[in-house]
Amino acid sequence: MPKTHPKSKPFLTFKRTVDVQVYLPEYEPLESLKFLDYRRYEKGTHKVEVGFMHGGCCHKLVRAIVTKGMVTGFEVEPCKESKAAPLGMIAILKEARKRMLAKTGPWRPIPLSEIPKVSAIEIFPPLGCFRVCEATDVFCYTCCVSLGGFHCTLGTNFPGGPIGRNR
């Protein structure tokens, strides 16, 4: 079952030329995490598949970056359909990420064995993945920070909330 925020309430809102609502994507941890041999990752640096982010163009694989048994960060597999954020959206995306991090704080390393308990609110703000919607919730961008800046997919929502999957 995906771990997410209530669908009726945005994670944060702010005003630019239009009202902006920011939502966390749905997160679904992999069932296989309960069978993971955590001791195997106590030495060296590894990337471990931990779940899926839902929203935007596809299910995006989420990997934990593990150093000496501690989760030090995350990365999200990009969708083929994602593109660089439109120039007019970059300032809004930067502000959204800054406000999210101010609200949640930076990621603090945890033991890999605690990863099954982690929720979307702990993963996506430091990772820089979120959905930004204009006030009517009709058009939303699902974006993640990558090496080249923000990469996004544009979608329309099903009735019932901006966290819903795209048509």
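Note that the numbering runs from 1 along the sequence shown for the chain.
For the pair Met53 and Thr142, the minimum side-chain heavy-atom distance is below 4.5 Å. In this structure the side chain of Phe52 never reaches within 4.5 angstrom of the side chain of Lys60, judged on heavy atoms. You'll find the side chain of Glu28 reaches within 4.5 Å of the side chain of His54, heavy atoms only. Side-chain contact between Val66 and Ile115 is absent, with no heavy atoms from C-beta onward closer than 4.5 Å.
The salt bridge (Lys or Arg N to Asp or Glu O under 4.0 Å) check on Glu114 picks up nothing, with sequence neighbours excluded. A search for side-chain contact (heavy atoms from CB on, under 4.5 Å) contacts involving Lys103 returns Phe11, Leu12, not counting sequence neighbours. The ring-ring contact (aromatic ring centres under 6.0 Å, His included) search around Phe130 returns none, not counting sequence neighbours.
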Passes side-chain contact (heavy atoms from CB on, under 4.5 Å), Leu24 versus Met100? Steps please.
CA-CA 10 Å; Leu24 294 176; Met100 283 175 39; 4.0 Å; yes
Output, in order, the C-alpha distance, side-chain angles, deciding distance and verdict of side-chain contact (heavy atoms from CB on, under 4.5 Å) for Arg63 and Val48.
CA-CA 5 Å; Arg63 291 184 186 92; Val48 180; over 6 Å; no
Report the C-alpha distance between Val132 and Ile92 in whole Å, list the side-chain angles of each, state the deciding distance to 0.1 Å, and finish with yes or no for side-chain contact (heavy atoms from CB on, under 4.5 Å).
CA-CA 9 Å; Val132 176; Ile92 291 171; 4.0 Å; yes
Audit row: Ile123, Tyr27, side-chain contact (heavy atoms from CB on, under 4.5 Å) steps and yes/no:
CA-CA 9 Å; Ile123 293 176; Tyr27 171 65; 3.6 Å; yes
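Rounding to the nearest 0.5 angstrom, the gap separating the CD atom in Glu122 from the CZ atom in Phe74 is 8.0 Å. The distance from the SG atom of Cys140 to the CZ atom of Arg131 is 5.0 Å, given to the nearest 0.5 Å.
The SG atoms of Cys152 and Cys144 lie 2.5 Å or more from each other.
Within the structure, side-chain hydrogen bond (donor to acceptor under 3.5 Å, both in side chains) pairs that include any residue of residues 35-52 comprise Lys47-Glu75 (at least two apart or interchain). Identified under the side-chain hydrogen bond (donor to acceptor under 3.5 Å, both in side chains) test for residues 85-101, with sequence neighbours left out: Arg16-Glu95, Glu95-Arg99.
Residue Leu87 belongs to a hydrophobic cluster whose other members are Ile90, with links defined by side-chain heavy atoms closer than 4.5 Å.
Criterion: ILVMFWY side-chain heavy atoms under 4.5 Å apart, direct or through other members. Under it, Ile65 and Leu30 are not part of a common hydrophobic cluster. Put simply, Val50 and Ile121 are part of the same group of oily side chains (I, L, V, M, F, W, Y) that touch within less than 4.5 Å, one to the next.
Trp107 contributes a side-chain N or O that, together with a main-chain N or O of Val71, makes up a donor-acceptor pair within less than 3.5 Å.
Smallest separation of non-hydrogen atoms from Thr153 and Ser82: CG2-CA, 3.6 Å. When all heavy atoms of Cys129 and Pro25 are compared, the pair lying nearest together is O-CD, 3.7 Å.
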